[in-house]
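Have a look at the structure below, then the notes.
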Amino acid sequence: MAVETKPVKGIRARRAFIELPYRLHAGTPWVPPLRLERWLFLSPKTNPYFKHGEAQLFNAYQNGRVVGRISAHIDHAYNDTHDAKQGWFGFIEFEDDPEIVRSLLEAAREWVSKRGMETLIGPADFAVNDESGIVIDGHDVAPMVRQPWHPRYYQQRCEDAGLRKAVDLNMWLVKLEDADGMRPILRRLSDEAEPKHGVTLRRMSRRRLRKDLDLFAEIYNEAWRNNWGFVPYGKADLDAYALDLQLVFDKRWFMIAERGGEAIGLAITIPDINQALVKMKGRLLPFGLFHYFRRNRYIDQVRIGFLGVKREHQHTGAAARLYVEHFDMSAAHKRVKRGEGGWVLETNSAMNKGMQALGARVNKTYRMYESDL
């Protein structure tokens with residue numbers, strides 16, 4: 001039957017946009033986010049993305065039913081940083097029908113093209129540091145916090161609709177309970193970091209978390225600036241990020257490497273709140289809060305989302321010190337047995353070799369796509 005894709009207007013259409021994956025992915029490894037969080041995340045009034053970006057949401061209808069969804073958006077901070085005319089799509093979900101995917105992508109292409117963009121890339125919800133990519137490997141593995149999940153047919157439908165591969169993003173599974181799987185040189189470099197180079201570690205705290213995020217932005221904006229999809233963090237982004245991190249903060253896993261009083265590297269490792277969300281089933285009430293407050297009793301994995309060192313200090317063993325500390329924390333507290341590092345670009349040979357040195361293996365791969373307009 002014919003598919004019609006329309007801009008989301010009004011509360012009813014927005015609710016249908018939010019609810020679609022809850023229906024499509026029931027009974028799968030997908031982890032339902034809190035519905036309230038999705039409403040806030042998609043609102044220009046509460047998401048700082050809209051201070052440097054604009055977006056339009058679309059629903060696809062077939063016989064009066066919502067059968068697909070997509071966003072089209074433009075990140076002006078990205079385009080200014082890269083001197084580009086890049087449009088994005090995200091939040092893509094659809095029933096297994098090629099006509100639905102073609103209709104969704106055509107709507108996104110038309111929207112960004114009318115605003116002067118020359119290419120379309122995605123998916124990213126809204127930025128690559130949020131959920132991004134289509135799952136092409138690891139469909140049977142539950143996603144960790146800020147990771148997408150898709151059925152197997154998504155990849156084929158996207159490629160049949162004319163999207164071509166831009167780059168693959170890898171997630172690396174690290175068995176933190178198995179320090180013997182780590183190459184011995186990492187322990188040696190870690191042990192030498194302080195006596196040879198003056199590198200020390202300190203933990204972030206709740207009280208000064210927002211202040212430490214200014215250091216995070218300084219390190220991130222320097223260490224990650226050549227990464228594909230990089231957008232510098234601004235003040236509004238950091239304000240919102242600080243609030244998000246308060247909900248998952250665990251002092252043991254938030255680390256800053258310092259040298260001579262200067263912050264030179266960091267690791268922001270997040271307990272996998274998805275292990276609580278899967279029990280909460282998208283709602284705070286009546287039992288969602290109960291599972292959230294008990295999360296420290298059963299969360300046994302972490303996501304190593306950001307671990308980096310400023311370029312001029314990469315010879316100091318600071319990265320090795322941060323890596324080894326993750327194994328030491330697992331040994332000391334025992335509950336956390338594994339972590340996932342990434343995403344890591346498939347083209348980032350140095351980082352991929354570093355993950356191999358930890359004894360890690362790729363357990364999920366996401367694909368970013370692009371299309372000319």
query = Going by the ring-ring contact (aromatic ring centres under 6.0 Å, His included) test, which pairs reach into residues 113-142, not counting sequence neighbours?
reply = F41-F126, Y49-F126, F50-F126, H73-F126, F91-F126

inquiry  = Could you check whether atom CZ of R208 has more than 12 heavy atoms from other residues, nucleotides or ligands sitting under 6.0 Å from it?
reply    = yes

message = I'd like to know if the side chain of R321 and the backbone of L189 have a donor-acceptor N/O pair within less than 3.5 Å.
response = no

query = Does E325 come within less than 4.0 Å of R203, counting only side-chain N to carboxylate O?
reply = yes

Flag, side chain of R38 to backbone of I18, donor-acceptor distance under 3.5 Å = no

key: Connected hydrophobic set around I121, excluding itself, where side chains approach under 4.5 Å   = Y78, W88, V128, V135, V167, L169, M171, W228, V231, W343, L345, Y366, M368

Which atom pairs, one a donor and one an acceptor, fall under 3.5 Å between side chains of residues 217-224 and the rest of the protein, sequence neighbours left out?
unit_1, atom_1, unit_2, atom_2, d
E218, OE2, K310, NZ, 2.5
Y220, OH, N129, ND2, 2.9
N221, OD1, Y233, N, 3.1
N221, ND2, A217, O, 3.2
E222, OE1, R311, N, 3.3
E222, OE2, R225, NH1, 3.2

E19/R23 ion pair, N-O < 4.0 Å = no

W111 CH2 to S71 OG distance, which is reported to the nearest 0.5 Å = 9.0 Å

note = ring-ring contact (aromatic ring centres under 6.0 Å, His included) pairs touching residues 153-202, sequence neighbours excluded, are F94-Y153, F94-Y154, H150-Y154, H197-H315

Identified salt bridge (charged side-chain N to carboxylate O under 4.0 Å, His left out) partner of D300 from the options K337, R335, R338 = R338

Connected-component partners of I264 among ILVMFWY, side-chain separation under 4.5 Å = V199

Using atom types as modelled, flag every donor-acceptor pair under 3.5 Å from a side chain in residues 157-166 to any protein atom, sequence neighbours excluded.
unit_1, atom_1, unit_2, atom_2, d
R157, NE, D96, OD1, 2.7
R157, NH2, D96, OD1, 3.1
E159, OE2, Q155, NE2, 3.3
E159, OE2, R367, NH1, 3.3
E159, OE2, Y369, OH, 2.7
D160, OD1, Q156, NE2, 2.8
R164, NH2, D372, OD1, 3.1
R164, NH2, D372, OD2, 3.4
K165, NZ, E346, OE1, 3.4
K165, NZ, E346, OE2, 3.1

task = For the pair Q86 (side chain) and T119 (backbone), establish whether a donor and an acceptor sit closer than 3.5 Å, ignoring hydrogens and angles.
result = yes

Separation of L20 CG from E93 CD (nearest 0.5 Å) = 6.5 Å

